[in-house]
Amino acid sequence: MEIYFYNTLTKTKEIFKPIDSKEVRIYTCGPTVYKDATIGNMRTFVFMDTLRRMLKYNGYKLKHAMNITDVGHLVSDADEGEDKMLKSAREEGKTPLEIAKIYTERFLNDLKELNIDMPEIICKATDHINEMIEFVKELLKNGYAYETSTAIYFDVSKLKEYGILSGINLKEQKAGARVELDEEKRNPYDFALWIKAPENHLMKWDSPWGLSYPGWHIECSAMGRKYLGEEFDIHTGGIDLVPTHHENEIAQSKGATNKIPARYWLHQEFLLINGGKMSKSLNNAYLLRDIINKGYDPLTYKLFCYSSHYRNKLNFTWEAIDSTNKALIKLKEGYIQHLNGNEDIEDNILNEYEEKFHKAINDDLNMPVALSYVWELIKYPKKSKKIAELLLKFDTVLGLKIDKKINNKEDELPDNILEMIEKRKKAREEKDWKKSDEIRDELNKLGYNVKDEKDGMVVQKI
Ligand code: AMP
Ligand code: ZN
């Protein structure tokens with residue numbers, strides 16, 4: 001079945017044709033590990049997961065690289081301000097490497113909680129300094145870069161395609177160009193490839209330009225080329241990366257190899273809060289841990305992400321998380337009902353559902369539509385093991401662990417609730433069903449849903 005993607009590069013929905021018919025090569029811009037990743041960031045990685053799972057569902061093998069930015073991302077995306085890693089290190093009284101280690105681990109842990117299918121290659125910027133230096137050398141040699149007393153810059157006026165991704169028109173921008181900090185810059189949109197380090201700068205490496213450190217964009221160009229080649233299939237990231245980071249990645253690759261590195265550029269729209277931006281730097285962001293600490297299964301957040309197409313904005317509210325959590329419980333209950341069912345269902349009905357689900361995920365990852373078919377099957381009046389089997393197949397794309405118990409750790413429940421659970425367990429062991437029902441009703445009144453499954457009792461805050 002054909003796969004369609006909306007390609008930011010061509011601004012159209014296109015049929016997907018990978019360079020190699022069996023293996024798809026993907027690059028994802030990973031996190032800057034200077035603070036905890038927010039659930040906004042996580043929306044982008046849930047999207048990455050869905051993309052991977054959908055391609056695998058279609059039979060492709062994957063070679064997928066995701067970077068960890070542990071140097072070079074300045075506070076402003078326009079090459080201004082301090083390096084984000086150094087700022088956090090200073091604020092937290094740690095070394096930049098310690099900061100990177102802490103937040104990389106926490107990020108990877110969040111991916112695990114969200115049951116994210118991991119890229120085959122995870123690469124850190126600081127492990128690829130030599131590759132980046134080589135890239136900058138090539139750009140200098142090809143005449144796309146120049147040196148000033150503070151940095152090596154990419155000269156955007158040398159590339160007629162500059163702006164191809166974001167549609168920015170440099171001639172129109174000139175009139176309103178911002179005030180530059182570096183007067184040696186030739187054009188306002190020139191960006192730093194390599195930055196000469198001030199004496200007391202903590203992260204710096206030996207290079208042909210003295211002790212210095214990389215700009216943010218060069219890391220992805222260098223690592224993408226190293227692991228995936230000069231041309232690969234798909235490049236992903238959040239929508240905010242289009243006019244800066246990704247535009248500049250394209251410029252760098254054009255300058256070095258005369259190729260646009262990826263054929264399909266896929267961008268995730270933002271997760272909002274109160275209709276506005278949620279971000280680490282604005283300090284208005286929630287973490288996945290906040291959702292878990294309120295007693296919700298982390299996969300609730302993943303299911304919540306599926307409520308909107310990845311190219312639409314999505315507004316975060318706790319009410320929505322609460323109702324999505326109930327939906328996740330219903331989904332799992334519905335699966336169990338089918339698994340325990342003995343009714344027959346005609347194969348053509350199942351085939352029809354499989355076809356519709358497949359078409360929805362292949363249509364630029366239309367998860368809201370795909371999920372609507374999942375719900376139709378869950379609610380299907382005949383309860384059949386064949387439906388359970390099909391749902392499990394769909395779950396290879398959804399990644400919601402529909403066959404597993406809801407994951408709310410008992411030790412996060414308040415003591416009085418834990419006590420009641422213990423009493424109910426005892427009542428059930430003693431086959432005192434009346435008492436067991438009474439305690440269940442009491443728990444419901446206190447706002448806890450109780451479900452008895454084959455392998456035990458599941459208690460979940462409603
Ligand atoms: P960062 O750690 O800031 O480099 O961001 C990591 C990824 O998360 C990038 O692809 C960003 O574009 C993306 N991102 C940041 N904020 C949001 C948000 N509110 N919603 C969706 N994606 C986001
Ligand atoms: Zn990147």
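Indexing begins at 1, ligand by ligand and atom by atom, following the structure's order. This one's a predicted model, so the numbers in the text were calculated from it and none came from an experiment.
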Visitor: Can you confirm whether E355 sits close enough to M1 that some side-chain heavy atom of one is under 4.5 Å from a side-chain heavy atom of the other?
Guide: yes

Visitor: Do the side-chain N and O atoms of T300 and T324 include a donor-acceptor pair separated by under 3.5 angstrom?
Guide: no

Visitor: For the residue pair H217 and Q252, what are the closest heavy atoms and their distance?
Guide: O-NE2, 3.2 Å

Visitor: How about H217: does one of its N, O or S atoms come closer than 2.8 Å to the Zn ion (ligand 2)?
Guide: no

Visitor: I want to confirm something. Looking only at heavy atoms, which of I39, T44, D240, D36 is nearest to atom 11 (C) of ligand 1?
Guide: D240

Visitor: Go through the steps to decide whether E91 and K35 satisfy the test salt bridge (charged side-chain N to carboxylate O under 4.0 Å, His left out), and finish with yes or no.
Guide: CA-CA 11 Å; E91 286 168 358; K35 271 189 189 174; 5.6 Å; no

Visitor: So if I count the atoms of ligand 1 from 1 in the order they appear, which ones are less than 4.0 Å from some heavy atom of L241?
Guide: 10 (O), 12 (O)

Visitor: Under 4.0 Å from a heavy atom of E269: which atoms of ligand 1 are those, numbered in the order shown and with their elements?
Guide: 21 (C)

Visitor: Closer than 3.5 angstrom, by distance alone: can the side chain of D36 be matched with the main-chain N or O of R106 as a donor-acceptor pair?
Guide: no

Visitor: Going by the atom numbers of ligand 1, which of them fall below 4.0 Å from some non-hydrogen atom of M278?
Guide: 19 (N)

Visitor: Please work out which of G238, C305, G40, C29 has its closest non-hydrogen atom nearest to atom 23 (C) of ligand 1.
Guide: G40

Visitor: Heavy-atom contacts with L271 under 4.0 Å: which atoms of ligand 1 show up? List them by number with element.
Guide: 18 (C), 19 (N), 20 (N), 21 (C)

Visitor: Would you say NZ of K61 has more than 12 non-hydrogen atoms from neighbouring residues, nucleotides or ligands within 6.0 angstrom?
Guide: no

Visitor: Going by the angle between their ring planes, with limits at 30° and 60°, are Y310 and F47 parallel, tilted or perpendicular?
Guide: parallel

Visitor: For the Zn ion (ligand 2), does an N/O/S atom of C29 lie at less than 2.8 Å?
Guide: yes

Visitor: Pairs of nitrogen or oxygen atoms closer than 3.5 Å, one from N41 and one from ligand 1: do any exist?
Guide: yes

Visitor: Using the six-membered ring wherever Trp is involved, compare the ring planes of F107 and F45 and label them parallel, tilted or perpendicular (cut-offs 30° and 60°).
Guide: perpendicular

Visitor: Once rounded to 10°, what is the value of the angle centred on the Zn ion (ligand 2) between C220 SG and H245 NE2?
Guide: 110°

Visitor: Within a distance under 4.0 Å of any heavy atom of T32, pick out the atoms of ligand 1 and give their elements.
Guide: 1 (P), 2 (O), 4 (O)

